[in-house]
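Here's the structure we're looking at; comments come further down.
Quick caveat: nothing in here was measured; it's all calculated off a predicted structure. Order of the sequence lines fixes the chain letters, A, B, ..., with proteins taken first and strands second; residue numbering starts at 1 for each chain.
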Amino acid sequence: MSIGPTLPPPMEELSELLQLRRAKLDAWRSEGTDPFGSSFPGTTSVASVIADFAEEKTVRVAGRIVAFRDMGKSIFGHFLDQTGRLQFYANKQSLGGNAADPTQPADPSKLESFRRLDLGDIVGLEGTLFITKTGEKTVKVTKFALLSKSLRPLPSAWHGLSDDETRYRQRYLDLIVNEEVRRTFVLRSRIVSEIRRYLEGRGFLEVETPMMQAIAGGAAAQPFVTHHKALNLQLFLRIATELYLKRLLVGGFEKVFELNRNFRNEGLSRKHNPEFTAIEVYQAYADYEVMASFVEGLIIHLAQNVIGTLQIPTGPVPEDGSPRKTLDLTGPWPRKRYRDAVKEAAGADWFDLAPEGRKARAAELGVEIIPGLLDHEVTNHVFEKLVEAKTVNPVFITHLPKELVPLAKQNSEDPSVVDVFELLINGQEISPGYSELNDPLVQRQRLEEQVGEEVHNLDEDFLLALEHGMPPAGGIGIGIDRLVMLLTGAESIRDVILFPLLRPR
RNA sequence: GCCGCGAUAGCUCAAUGGUAGAGCAGUUGACUCUUAAUCAAUUGGUUGUAGGUUCAAGUCCUACUCGCGGCACCA
């Protein structure tokens with residue numbers, strides 16, 4: 001524990017608001033209370049207080065004060081714990097009275113101390129449960145303990161906190177004040193844990209492979225660079241888990257997955273954070289069709305069991321208060337060949353046109369074509385803008401041209417396409433899946449084409465593994481952040497990552 | 001990296017180039033079933049930073065910082 005550079009400024013520089021809060025520290029201490037108190041054992045969560053509610057029952061609860069309504073001789077308020085909000089009530093008799101002998105006069109100083117509490121303070125409360133005239137479950141406080149004094153004001157409870165920069169930099173405030181944010185991150189946690197349960201229940205083994213790699217392979221993204229001192233070694237943060245998981249297939253693990261962070265040195269956007277969570281799943285003796293069914297089953301399972309519905313709200317919240325659009329995850333999800341999807345969007349004659357004709361058609365359709373694009377790249381731009389971006393309900397795009405996916409098996413009937421799928425939902429690629437290439441000689445050739453001149457980037461160790469024999473296998477990847485966005489209806493990846501990357505202030 | 005938009009009290013937001021304001025929070029007082037408590041009074045500002053134009057700048061101009069959206073990057 002270091003002293004830290006951010007010592008609090010001297011009192012005279014603090015705003016009045018902060019000075020008053022600090023002054024209360026002395027008030028608490030002068031009556032013998034440590035304002036950053038000790039443990040408060042034996043508490044019950046708000047959720048279980050509400051679930052097992054019985055009038056007159058004595059409970060111990062703890063949380064942060066988020067509302068405080070002082071009415072003179074009695075005080076109402078709400079506190080918040082991890083599971084929810086509960087109303088509390090205190091008056092002179094409840095706090096200062098003698099329960100064993102109600103005829104004895106109450107001690108008013110207890111209520112005066114209680115009145116000194118601020119919004120944001122963390123308290124432990126002991127009291128009896130009752131229901132108010134208006135029907136709200138409430139704890140009547142008989143004893144309280146200040147567990148942590150808050151020296152700064154809470155954002156407005158009514159308006160919430162809406163400044164995105166503050167929400168991300170001080171996420172704790174966002175979590176205290178914005179209930180839907182709390183809900184989103186609870187859901188994220190449940191989604192991740194349900195994915196693990198689902199896979200483990202089907203015999204998959206979770207593994208952990210290196211995040212620091214001498215060669216960052218498995219995708220074509222810029223890696224982050226770091227350095228190991230003792231070995232004087234340049235290392236890269238991984239951009240994918242693929243090549244290590246395939247080594248495990250060689251090693252005889254037939255059903256494996258890894259669910260953890262990847263790092264890509266790319267720009268930030270509504271859909272991109274430089275560190276993001278992904279799962280990759282590999283199953284020996286399966287193919288991309290098996291994996292497509294697997295992904296469909298998994299996502300439907302998550303929607304039903306974590307979210308509770310297959311009808312997911314999506315898109316911007318309308319200003320006029322009308323409900324958001326919804327997308328429908330009900331299966332079975334259609335399969336569509338890449339060529340057919342492009343033809344539907346760009347004309348049945350698309351593939352009959354000359355390359356120049358395709359460029360002209362793309363322009364007519366409003367797809368911007370940068371000069372110098374290869375012919376298949378023109379088609380893929382059209383695909384991305386007119387098919388992918390406009391997809392709402394799930395669709396598996398199959399039979400992609402082999403130029404787009406160099407690491408998958410070629411189709412046995414049509415060698416110009418590969419045995420893969422791309423799962424599109426709500427304008428995003430949620431999951432790719434392959435029949436994995438296990439021919440070490442073809443794999444070497446494809447990787448050599450990919451790395452070009454930079455032969456030192458060729459993962460020889462991976463190719464060596466393949467030469468020992470990797471079983472035919474199906475593999476998938478799912479971007480967890482994007483999956484959580486999809487299932488929670490979030491519009492930005494920053495709303496499903498607790499601490500998204502920001503420039504330091 | 002490029003283009004556009006934004007930044008005003010602790011929070012949410014106002015303010016024709018002409019006296020920086022409101023609601024909530026805070027403070028003081030009243031009130032023993034309130035719940036956006038209510039009522040009365042009241043404190044709080046280097047208008048993101050640095051320059052410039054102007055008699056006068058929150059407002060116009062330039063640069064910068066940070067954020068948001070889009071583009072580029074991203075099999």
Note to self: Taking side-chain hydrogen bond (donor to acceptor under 3.5 Å, both in side chains) as the definition, give me every residue that meets it alongside Glu460(A), ordered by chain and number, with sequence neighbours left out.
What the structure shows: Arg444(A)
Check: C1' atom, rA56(B) versus rA20(B): distance in rounded Å?
Finding: 15 Å
Check: Got a sec, which pairs hit salt bridge (Lys or Arg N to Asp or Glu O under 4.0 Å) with one end in residues 271-283 of chain A, sequence neighbours left out?
Finding: Arg261(A)-Glu275(A)
Checklist line | Rounded interatomic separation in angstrom, taking CG from Asp174(A) and C1' from rU12(B) | finding: 15 Å
Item checked: Within residues 62-74 of chain A or reaching into it, pairs that qualify as salt bridge (Lys or Arg N to Asp or Glu O under 4.0 Å) - sequence neighbours excluded -> Asp70(A)-Arg115(A)
Next item on the list: Would you please name every residue forming a side-chain hydrogen bond (donor to acceptor under 3.5 Å, both in side chains) with Asp287(A), sequence neighbours left out?
Entry: none
Check: Of all residues at least two apart in sequence or in a different chain, which pass the side-chain contact (heavy atoms from CB on, under 4.5 Å) check with Pro394(A)?
Finding: Leu329(A), Trp333(A), Leu423(A), Ile425(A)
Notebook entry, point to check: Are Phe130(A) and Tyr89(A) close enough that their ring centres sit under 6.0 Å apart?
Noted result: yes
Margin query: Would you measure the distance from the P atom in rA9(B) across to the matching atom in rU59(B) and give it in whole Å?
Written below: 15 Å
Check: OP1 or OP2 of rU32(B) less than 4.0 angstrom from a side-chain nitrogen or oxygen of Lys73(A), does that happen here?
Finding: yes
Next item on the list: Please say which of Arg152(A), Lys149(A), Arg22(A) ends up in a salt bridge (charged side-chain N to carboxylate O under 4.0 Å, His left out) with Asp118(A).
Entry: Lys149(A)
Item checked: Spacing between Phe76(A) atom CZ and rC33(B) atom C1', to the nearest angstrom -> 4 Å
Notebook entry, point to check: For the pair made of CZ in Arg152(A) and P in rA9(B), what is the distance, rounded to whole Å?
Noted result: 15 Å
Item checked: Pairwise P distance for rG23(B) and rC5(B), with rounding to whole Å -> 33 Å
Provide a list of protein-nucleic acid N or O atom pairs under 3.5 angstrom, restricted to nucleotides 41-46 of chain B.
| unit_1 | atom_1 | unit_2 | atom_2 | d |
| --- | --- | --- | --- | --- |
| rU43(B) | O2' | Glu16(A) | OE1 | 2.7 |

Check: Is Lys24(A) touching bases, backbone alone, or none of the nucleic acid, heavy atoms closer than 4.0 Å?
Finding: sugar-phosphate
Checklist line | Nearest listed nucleotide, side chain of Met71(A), among rA36(B), rC13(B), rC31(B) | finding: rC31(B)
Check: Starting at CZ of Phe88(A) and ending at C1' of rC33(B), how long is that distance when rounded to a whole Å?
Finding: 14 Å
Next item on the list: Give RNA chain B the dot-bracket treatment, 5' to 3': Watson-Crick (N1-N3 with N6-O4 or O6-N4) or G-U (N1-O2, O6-N3) under 3.5 Å, [ ] crossing, | other strand.
Entry: (((((((..((((....[..)))).(((((.......))))).....(((((..]....))))))))))))....
Report, one line per pair, each donor and acceptor closer than 3.5 Å where one atom sits in a side chain of residues 495-503 of chain A; sequence neighbours left out.
| unit_1 | atom_1 | unit_2 | atom_2 | d |
| --- | --- | --- | --- | --- |
| Asp495(A) | OD1 | Arg167(A) | NH2 | 3.2 |
| Asp495(A) | OD1 | Tyr168(A) | OH | 3.3 |

Check: Looking only at atom P, what distance separates rA57(B) and rU53(B), rounded to whole Å?
Finding: 11 Å
Checklist line | Contact pattern, 5' to 3', of nucleotides 65-75 of chain B - B, S or - by protein heavy atom under 4.0 Å | finding: -SSSSS--BBB
Checklist line | Residue whose nearest RNA chain B nucleotide is more 5′ - Lys140(A) or Ala157(A) | finding: Ala157(A)
Checklist line | Integer angstrom distance from the C1' of rC60(B) to that of rU16(B) | finding: 13 Å
Next item on the list: Looking at every strand, decide which applies to Phe68(A) at a 4.0 Å heavy-atom threshold: base, sugar-phosphate, or nothing.
Entry: nothing
Checklist line | side-chain N/O Ser156(A) vs rC13(B) OP1/OP2, d < 4.0 Å | finding: no
Notebook entry, point to check: Would you say the side chain of Thr132(A) and the base of rU34(B) hold a donor-acceptor pair, judged only by whether the two atoms sit under 3.5 Å apart?
Noted result: yes
Margin query: Keeping Asn262(A) on the side-chain end and Phe276(A) on the backbone end, is there a donor-acceptor pair under 3.5 Å?
Written below: no
Check: Which nucleotide in the list rG26(B), rU12(B), rC33(B) gets nearest to the side chain of Leu161(A)?
Finding: rU12(B)
Check: With Leu374(A), which residues qualify under side-chain contact (heavy atoms from CB on, under 4.5 Å), at least two apart?
Finding: His376(A), Glu377(A)
Margin query: What's Leu119(A) touching, base or sugar-phosphate or nothing? Going by heavy atoms closer than 4.0 Å.
Written below: sugar-phosphate
Next item on the list: With sequence neighbours left out, write down each residue that passes side-chain contact (heavy atoms from CB on, under 4.5 Å) with Asn438(A), or none if nothing qualifies.
Entry: Lys409(A), Met470(A), Pro472(A)
Next item on the list: List in chain and number order the residues that pass side-chain contact (heavy atoms from CB on, under 4.5 Å) with Pro223(A), two or more places apart in sequence or in another chain; answer none if no residue qualifies.
Entry: Ala216(A), Phe236(A), Ile239(A)
